[in-house]
Amino acid sequence: MKSKVLVSLLSDGQVHSGERLARELGVSRTAVWKQVRRALDEGYEIDTVRGRGYRLVTPVDLLDADTILAGLAEPARNRIALTVLDEVDSTNTEVLRQISKGATGVPVAIADSQTKGRGRRGKPWRSPRGENLYLSAGLTFHGGFSVLDGLSLVLGVAVAETLEGLGVPGVRLKWPNDIFLPDGKLGGILVELQGELQEGVVRVIAGIGINVHMSRADDVDQPWASLDQISSQADWSRNRIASALINALLESAETFAEKGFSFFQESWQARDMFKGRHLVAQGGEVIGVGCGIDGQGNYLVEGVSGVVAIRAGEISLRVAL
Ligand code: BTN
C-alpha cells in the first residue's frame, strides 16, 4: 500500500490541512494531492473539505508490526520472527520463504491482503485489502508425522478461545477446524506440512484467516460472518486480534507437544457444531448423527450400522437441511 503513511496520518478521522500533511510527510502540497489520488485508487474514501484539507471517511484498521509485538506475552515476543506485509501471494507461502531465507525462531507472517490466498480442499480464500486477518506461523514438532494427529483441531480450539477472550459470543467449531458464528463461517485454518527436516523433526505451516471487517463477499458460496457484524462499534483491531492469536498459537502448540491431543478433546467437543445433528457427506447422502470426536480427533457419526470414525481429509461433512 503506497499511501500507507498518508492513510495512517488521516486515520483519526479528523480534517488535516494539505499544508500540515505536506510538513508531516516531508513533501510538497502537490505531492500530497498525488498521494491522496493514489489512496483513492487503492479504495480509501477520502473527502476533500474545501479550504480546510482532507478527511478519511471510512475508518481504517492498519496493521502495524510494533503494535502487534507490543501486544505479545514476553515468551512469544522473544520466540517469533514477525513479518508484516501490505500484500503477499499467501502468508503460508511467505512463511516458507522466510524459512528458506534462514529465519530464526518461529516465523510468523501477516498481510493486509493476499493475491493467492488458499483455503482447504484447493479452494481460494477471499483476502481483500484491509478487511480481514491473514496470519501464518511455522511450527516445529519432534516425534515424526504421527505426533501431528489432531493438531488442526487444537489450532481450532486456540482460535475459538482467543476470539471468546476478545468478547466474541457463540463461537463454534465445524469439524475439523472451521470457525463459525451462528450466521456463518467466520474463519478457517489451513495446515500444510512442510515435511521432515531431520529424523523425527517435522514442520507445519498453520495459516489462519478471520473475517474482521468484511461487509460483502459476493463470490463466497456459503453463509459467512465477520466480527463487525456482531458489533460494528466494538474495536475489532486486527493488531490486537493478531497478538492474541500468536500468544494462543504458541502456547497451544507447546501444550500439544507436551500433553498430546487428548488434553484439548473436551474443549473441542464443547464447541462442536455437528453434535446431535443429522450429517450428510460430500455426495449428499445422510450418514448419521454427529457424536463428537475421539481421542485422535476423528469425527464420530452414529449411523444405522453403529458408530463410524471419520478421519480429517477423508470426507467433508455438513449438516443435513
Ligand atoms: C479454509 O478453507 O477454511 C482455510 C482458510 C485458511 C485461510 C488462511 S488466510 C492466511 C493463510 N494464508 C493462506 O493462503 N491461507 C491461510
Side-chain angles (χ1 to χ4, degrees), residues 90-92 95 117-127 132-139 141 145 147-165 168 170-182 184-194 202 204-211 220 222-225 227 241 244-246 248-253 255-257 260-275 277 279 281-282 290-301 309-319:
S90 153
T91 50
N92 271 31
V95 164
R118 296 197 288 275
R120 290 180 61 235
R121 301 178 174 276
K123 285 190 179 175
W125 184 256
R126 201 170 179 280
S127 309
N132 302 325
L133 188 63
Y134 318 112
L135 180 152
S136 301
L139 304 169
F141 296 90
F145 291 111
V147 301
L148 300 177
D149 276 357
L151 172 66
S152 72
L153 282 80
V154 169
L155 299 175
V157 172
V159 175
E161 288 180 347
T162 303
L163 293 169
E164 288 161 2
V168 181
V171 183
R172 291 283 169 274
L173 291 168
K174 176 174 163 255
W175 185 81
N177 58 8
D178 282 354
I179 317 294
F180 266 73
L181 290 183
K185 182 162 168 171
L186 176 72
I189 302 172
L190 177 69
V191 178
E192 295 179 315
L193 285 184
Q194 198 205 351
V202 285
V204 297
I205 315 298
I208 299 169
I210 308 276
N211 301 333
V220 174
Q222 59 172 321
W224 58 273
L227 295 179
I241 302 169
L245 268 180
I246 296 168
L249 279 184
L250 266 57
E251 207 182 303
S252 304
T255 309
F256 173 68
F261 176 69
S262 57
F263 183 85
F264 296 88
Q265 192 176 352
E266 274 312 305
S267 311
W268 196 94
Q269 301 281 33
R271 299 173 177 85
D272 179 10
M273 207 173 111
F274 285 158
K275 183 135 186 99
R277 309 289 299 268
L279 302 177
Q282 238 155 359
C291 312
I293 47 172
D294 66 14
Q296 282 72 51
N298 303 314
Y299 201 79
L300 302 172
V301 179
I310 297 170
R311 274 181 73 82
E314 250 173 23
I315 331 179
S316 99
L317 294 174
R318 62 182 168 81
V319 173

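With rounding to the nearest 0.5 angstrom, the SG atom of C291 is 9.5 Å from the CD atom of Q269. M273 CE to L181 CG: the interatomic distance, rounded to the nearest 0.5 Å, is 10.5 Å. Here the CZ atom belonging to R277 is positioned 10.5 Å from the CG atom belonging to D272, to the nearest 0.5 angstrom. Here the CD atom belonging to Q296 is positioned 7.0 Å from the CG atom belonging to D149, to the nearest 0.5 angstrom. Of the inter-residue distances, the one linking L249 atom CG with S136 atom OG reads 10.0 Å to the nearest 0.5 angstrom. Atom CG of L133 is separated from atom CD1 of I210 by 6.5 Å, given to the nearest 0.5 angstrom.
Under the 4.5 Å side-chain criterion, counting only non-hydrogen atoms from C-beta, L227 is not in contact with N211. Counting only heavy atoms from C-beta outward, the side chains of I246 and L250 approach each other to under 4.5 Å. Looking at L317 and W175, their side chains come closer than 4.5 Å, going by heavy atoms from C-beta outward. Counting only heavy atoms from C-beta outward, the side chains of V159 and I189 approach each other to under 4.5 Å. A heavy-atom distance below 4.5 Å is not found between the side chains of N298 and I293. Side-chain contact between N132 and Y134 is present, with at least one heavy-atom pair separated by less than 4.5 Å. In this structure the side chain of F180 never reaches within 4.5 angstrom of the side chain of L186, judged on heavy atoms. By the 4.5 Å heavy-atom criterion applied to side chains, R271 and E161 are counted as neighbours.
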Stepwise side-chain contact (heavy atoms from CB on, under 4.5 Å) test for V319 and L279
CA-CA 5 Å; V319 173; L279 302 177; 4.2 Å; yes
Check the pair L155, N177 against side-chain contact (heavy atoms from CB on, under 4.5 Å), reporting the backbone distance first and the verdict last.
CA-CA 7 Å; L155 299 175; N177 58 8; 5.9 Å; no
side-chain contact (heavy atoms from CB on, under 4.5 Å) assessment of F261 paired with F256:
CA-CA 6 Å; F261 176 69; F256 173 68; 4.0 Å; yes
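Closest of all the heavy-atom pairs between F141 and A257 is CD2-CB, 4.2 Å. What you find for S127 and G117 is that their closest heavy atoms are OG-CA, 3.9 Å. The two atoms that bring S316 and R121 nearest to each other are CB-NH2, 3.2 Å, heavy atoms only. Scanning all heavy atoms of the two residues, the minimum distance from G138 to I205 falls at CA-CD1, 4.2 Å. Of all heavy-atom pairs between L173 and G156, the closest is CD2-O, 3.5 Å.
Between the side chains of N92 and E192, a donor-acceptor pair is found at a separation under 3.5 Å.
Checked by atom type and distance alone, the side chain of T162 never pairs as donor or acceptor with a backbone atom of A160 at under 3.5 Å.
Taking the six-membered ring where the residue is Trp, Y299 and F274 present perpendicular rings, their angle passing 60° and hence far from 30°.
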